[in-house]
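Take a look at the structure set out below.
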Amino acid sequence: MTRPEPSTSPRPQYAERSYRSPAALVGGALLILLGLWLGGDALLRGTVHIKLTALFALLLGVPLVAAFSLRPLVRANEDRLLVRNPFRTITLPWSAVDELRAHFSAEVFVSGGTKYQLWAIPVSLRQRKKATRQASRGAAADRPRFGLNADSGPVPKAMADQTLAELREIKERATGRETAQGEPRVRWSYAILAPALVGALGLAVMLAL
């Protein structure tokens, strides 16, 4: 009798997930377009002093608006969690993640107690209260049911709570995986900081003249 050969099929791969705030993307894009329109008009029609003031204001304002609205991103795969905040990008192997929590803001805690805010996952207290009311109504109406209506469906959750539940599930699947080991890495976003600093300095000089 021959022994069955050990399975050589690869372990299941899970699709990478990305999370952003649609409201922040739309609001940030509109603010940047408005700033470019007003600043462009000043650059075309203004005096030299107004042109320079508008230029430095754009150098300060556009990167900051982009940093807080367009840049935030959370991306998760089976090995690591990438957190892109306004001024920093944090790469966290799942082994370094201790806890994911959402109270007034979504946060990730890493080994040693360091905490990073998840700017791309806003916490809406209004959504949470609405989900709590729906869950309470469902619990109050819950009774033994049969047939097609026997399953009342999943308990409703606010968007931030649902997102963190998905991230916790990915983290649990990564437990013990060799490729999910490592230390946190933090990189500053100089593409945002450098023009904003130049714009702030230049704007301060122009307003002082």
Side-chain angles (χ1 to χ4, degrees), residues 16-32 34-35 60-140 152-175 180 182-193 196-197 200:
E16 187 174 74
R17 301 185 186 184
S18 296
Y19 304 92
R20 308 186 83 160
S21 170
L25 292 173
V26 173
L30 291 176
L31 282 176
I32 289 176
L34 178 62
L60 172 63
V62 171
L64 289 182
V65 171
F68 285 95
S69 59
L70 307 182
R71 178 176 159 78
L73 168 73
V74 170
R75 180 176 293 142
N77 60 27
E78 57 183 6
D79 294 329
R80 61 186 53 83
L81 177 71
L82 183 139
V83 179
R84 199 168 72 190
N85 283 341
F87 304 118
R88 296 186 296 179
T89 298
I90 305 103
T91 303
L92 301 170
W94 284 117
S95 64
V97 175
D98 281 347
E99 185 180 1
L100 291 149
R101 185 188 305 170
H103 291 311
F104 296 106
S105 63
E107 300 165 333
V108 56
F109 293 80
V110 302
S111 305
T114 305
K115 175 180 69 176
Y116 300 103
Q117 187 172 344
L118 307 179
W119 282 79
I121 306 175
V123 174
S124 171
L125 297 181
R126 183 178 180 182
Q127 274 188 7
R128 184 172 285 167
K129 289 178 181 178
K130 181 179 178 180
T132 302
R133 287 196 301 269
Q134 291 176 348
S136 298
R137 286 198 296 266
S152 59
V155 177
K157 292 183 179 180
M159 186 61 67
D161 297 327
Q162 182 178 338
T163 299
L164 289 193
E166 292 177 1
L167 293 176
R168 293 188 192 102
E169 181 183 345
I170 298 173
K171 180 185 182 305
E172 289 176 3
R173 290 201 303 257
T175 301
E183 297 294 326
R185 297 197 310 273
V186 179
R187 291 185 293 109
W188 289 92
S189 176
Y190 296 106
I192 295 290
L193 294 171
L197 180 59

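The first residue of the sequence shown is numbered 1, and numbering continues consecutively from there.
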Apply the test side-chain contact (heavy atoms from CB on, under 4.5 Å) to residues Val186 and Tyr116: give CA-CA distance (whole Å), side-chain angles for both, the deciding distance (0.1 Å), then the verdict.
CA-CA 11 Å; Val186 179; Tyr116 300 103; 3.6 Å; yes
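Among all heavy-atom pairs drawn from Ser95 and Gly182, the shortest one is OG-N, 3.3 Å. What you find for Leu64 and Ala196 is that their closest heavy atoms are CD2-CB, 4.3 Å. Residue Asp98 comes nearest to Gly112 through the heavy atom pair OD2-N, 4.4 Å, listed as atom of the first residue, atom of the second, then distance. The minimum heavy-atom distance linking Leu167 with Ala76 is given by the pair CD2-CB, 3.6 Å. Residues Gln117 and Ser105 come closest through the heavy atom pair NE2-CB, 3.7 Å. Taking every heavy atom of both residues into account, Pro93 and Ala180 meet most closely at CB-O, 3.4 Å.
Atom CG of Leu118 sits about 7.0 Å away from atom CG of Asn85, to the nearest 0.5 Å. Distance CD1/Ile90 to CG/Leu82: 8.0 Å, rounded to 0.5 Å. How far OH of Tyr19 is from CE of Met159: 11.0 Å, rounded to the nearest 0.5 Å. Taken to the nearest 0.5 Å, the CZ atom of Arg101 stands 13.0 Å off from the CG atom of Asp161. Rounding to the nearest 0.5 Å gives a distance of 13.0 Å between CG of Leu197 and CD1 of Ile192. Distance check, rounded to the nearest 0.5 Å: CG of Leu92 to CG of Leu100 gives 9.0 Å.
Residue pairs meeting the salt bridge (Lys or Arg N to Asp or Glu O under 4.0 Å) criterion with at least one member in residues 108-118, sequence neighbours excluded, are Glu107-Lys115. Pairs passing the side-chain hydrogen bond (donor to acceptor under 3.5 Å, both in side chains) check and including a residue from residues 64-73, sequence neighbours excluded, read Arg71-Thr89.
Scored by the side chain to side chain contact (heavy atoms under 4.5 Å, CB included) test, Leu70 finds Leu25, Ile32, Ala66 as partners (sequence neighbours excluded). Judged as a ring-ring contact (aromatic ring centres under 6.0 Å, His included), and not counting sequence neighbours, the contacts of Phe68 are Phe87, Trp119. The salt bridge (charged side-chain N to carboxylate O under 4.0 Å, His left out) test applied to Arg75 returns Glu16, not counting sequence neighbours. Scanning for side chain to side chain donor-acceptor pair (under 3.5 Å) contacts around Glu169 gives Arg173, with sequence neighbours left out. Applying the salt bridge (charged side-chain N to carboxylate O under 4.0 Å, His left out) criterion to Glu183, with sequence neighbours excluded, gives no partner residue. Remark: Arg17 pairs with Glu166 by the salt bridge (charged side-chain N to carboxylate O under 4.0 Å, His left out) rule, at least two apart or across chains. Remark: Ser189 engages no residue in a side chain to side chain donor-acceptor pair (under 3.5 Å) (not counting sequence neighbours). With sequence neighbours excluded, no residue forms a salt bridge (charged side-chain N to carboxylate O under 4.0 Å, His left out) with Arg185. Listed by chain and number, the residues in a side chain to side chain contact (heavy atoms under 4.5 Å, CB included) with Val26 are Leu30 (sequence neighbours excluded).
When side chains are defined from C-beta on, Leu81 counts as touching Val74, because their heavy atoms get closer than 4.5 Å. Counting heavy atoms from C-beta outward, Leu73 and Ser18 have side chains that approach closer than 4.5 Å. A heavy-atom distance below 4.5 Å is not found between the side chains of Thr175 and Trp94.
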